[in-house]
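Here is how names work: the chains are called A, B, and so on, in the same order as the sequence lines, proteins then strands, and each is numbered from 1.
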2 protein chains.
Amino acid sequence: MNRYSIFRHITEKEFEEMKVCLSGEQKHFRKNDIIMRHTDDNSSIGIVNKGIAFLLSISENGETGIIDYYEKGAVFGKLFSPDCDVNLYYIQAAENCEITFFSYDRLMNCCEDECAKHKKVLNNIVMDSLRKSLMHIDILSCRSIRGKLSTYIRYIRQQKDSDEFEIPVSLSDLADYLSVDRSAMMRELRKMKDENLISAKGSRITIIDL
Amino acid sequence: MNRYSIFRHITEKEFEEMKVCLSGEQKHFRKNDIIMRHTDDNSSIGIVNKGIAFLLSISENGETGIIDYYEKGAVFGKLFSPDCDVNLYYIQAAENCEITFFSYDRLMNCCEDECAKHKKVLNNIVMDSLRKSLMHIDILSCRSIRGKLSTYIRYIRQQKDSDEFEIPVSLSDLADYLSVDRSAMMRELRKMKDENLISAKGSRITIIDL
DNA sequence: ATACATTCGTTGCAATTGCAACAGACAATT
DNA sequence: AATTGTCTGTTGCAATTGCAACGAATGTAT
């Protein structure tokens, strides 16, 4: 169990027991399919097995933006998002996806041991959401594109534990996630290459000296 | 219990019972005092009785920013924040404050009824954090100062349920929270007044037509 | 009462950014 | 094989924004 798994702090034995709870329904989605809408009564939970999914928000004035993305192993669901009074939220497939769905009740109430391990998993999921939100705020708080880019890259380095990695989304989508103009971001990316801070080929980044 | 109280969904009877748990230590802080540091072993929780407190972050390169602010009734604590690997976080008094501290254990384990109401309160607190984070992301995602300002103002209108209200922090601190230059924000604020979208005197805002 | 610090409000100027538009690379579909 | 669509990469130009600086107003400490 790596430190970002929702099953961290769960023993092997507990995990084996919980596998029963997780035998949910598997579904496939094609790129751009809508996987889930955050409607009021929605109590289902999705885990990404393959592909990448976006959490998108539509604001009052109709603008959409990428709030978060879910890679393999990540969990999403309205239950782990706050009430969305102002914006509409939904989950969309960034590429072809395989998702396992199960109900909140099933995860929480299927075995006898109601409190201990289920509470841990729930806590892990919620804390993951919080951590990713704070990370996003930290990135968006940077005043310049340079700042946003390098803060993002530093987070990914920490996550992948390597100075060389593939950005999990397209550069167009990254610009959306960073809330900057794509062409302006490309310009800044090139400047950073010119200054020998990073090297980059498409979405493959190597950190030289940030 | 209003909808933003951490005691929402708790009955009057349950609330009376829980008051016992909440008889924590009261402390006063003066403006700019540091109320709490988010160190690893910190398991105490604070509730704001009077004043306003900031959640501040210090990034790797030493820049600080206002991530969140806590008004009367709001709860803060490292336990409700994710692990802070990259940035340092701390709570600071934005003005003179009165804070009640108690331990996580005390809130969760002081009476017999361990699961039901305590779980609800914990859930409320965590969901508040998440909701405020998503709100902040939504605001910071706007590309222009105008967008950030009007999105922020719309959220406050919803919160205060009125078209006329006082912004709870100084305009300087608001600029920090919105991650924009203060003078540029003032300029935009004046433009919005000139265009008759809002009227504003200091931090007292009246929405005319957003 | 006086000195000091903070916030508010404003402006000129330089730098950054967004917008629009275009071409090439690549993949998927027909 | 041709077509369609998406993504990458680039540029000129206009608009926005940040920076630096200043004075006025307000509040706080001595």
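One atom, CG of B:Asn96, and another, C1' of C:dT6, lie 14 Å apart when rounded to the nearest Å. Between A:Arg30 atom CZ and D:dG5 atom C1' there is a gap of 15 Å when expressed in whole angstrom units. Look at CD on A:Glu188: it is 14 Å from P on D:dT11, rounded to the nearest Å. What separates CE of B:Met185 from P of C:dT10 is a distance of 12 Å, to the nearest Å. Rounded to an integer number of Å, the gap from B:Arg204 CZ to C:dC8 P is 15 Å. The NZ atom of B:Lys148 sits 12 Å away from the C1' atom of D:dG18 (whole-angstrom rounding). Between the CD atom of A:Glu95 and the C1' atom of D:dT6 there is a distance of 14 Å, rounded to whole Å. Whole-Å rounding puts the B:Met192 CE to C:dG9 P distance at 15 Å.
Between A:Glu188 and A:Arg146 there is a salt bridge, since a side-chain N of the basic residue sits under 4.0 Å from a carboxylate O of the acidic one. Remark: B:Arg154 does not engage B:Asp138 in a salt bridge, criterion side-chain N to carboxylate O under 4.0 Å. In summary, B:Arg204 and B:Glu164 engage in a salt bridge, as defined by a charged side-chain N under 4.0 Å from a carboxylate O. The pair B:Asp128-B:Lys132 does not count as a salt bridge, with every side-chain nitrogen at least 4.0 angstrom from each carboxylate oxygen.
Side chain to side chain, B:Ser59 and B:Asn87 fail the donor-acceptor criterion of an N or O pair below 3.5 Å.
Sequence order on DNA chain C of the closest nucleotides to B:Met186 and A:Arg146 puts B:Met186 first from the 5' end.
Note: A:Leu174 CG to A:Ser203 OG = 9.5 Å, rounded to the nearest 0.5 Å.
Ring geometry for A:Phe54 against A:Tyr69 counts as perpendicular: the plane angle is over 60°, on a 0 to 90° scale with 30° as the lower cut. Note on ring orientation: taking the six-membered ring where Trp is involved, the planes of A:His136 and A:Tyr177 are parallel (angle under 30°, cut-offs 30° and 60°).
Checking C:dG9, D:dC13, D:dT10 against the side-chain heavy atoms of A:Arg187 singles out D:dC13 as nearest. Between C:dG18, C:dT11, D:dC7, one nucleotide has an atom nearer to the side chain of A:Ser170 than all others, and that is D:dC7. Distances were taken from every side-chain heavy atom of B:Asp181 (C-beta onward) to each of D:dG18, C:dT29, C:dC19; the shortest belongs to D:dG18.
Using a 4.0 Å heavy-atom cutoff across all strands shown, B:Ile145 reaches sugar-phosphate atoms only and no base atom. As judged by a 4.0 angstrom heavy-atom cut-off over every strand, B:Ser144 is placed among residues touching the sugar-phosphate backbone only.
A donor-acceptor contact under 3.5 angstrom links the side-chain atoms of A:Arg182 to the base of D:dG9.
Using a 4.0 Å cut-off, no side-chain N or O of A:Lys31 falls inside it from OP1 or OP2 of C:dT29. A sub-4.0 Å separation between OP1 or OP2 of D:dT17 and a side-chain N or O of A:Arg143 is absent. Side-chain N/O atoms of A:Lys191 include none lying less than 4.0 angstrom from OP1 or OP2 on C:dA15.
Near-neighbour residues of DNA chain D inside residues 171-179 of chain A, defined by a heavy atom below 4.0 Å, number-ordered: A:Leu171, A:Ser172.
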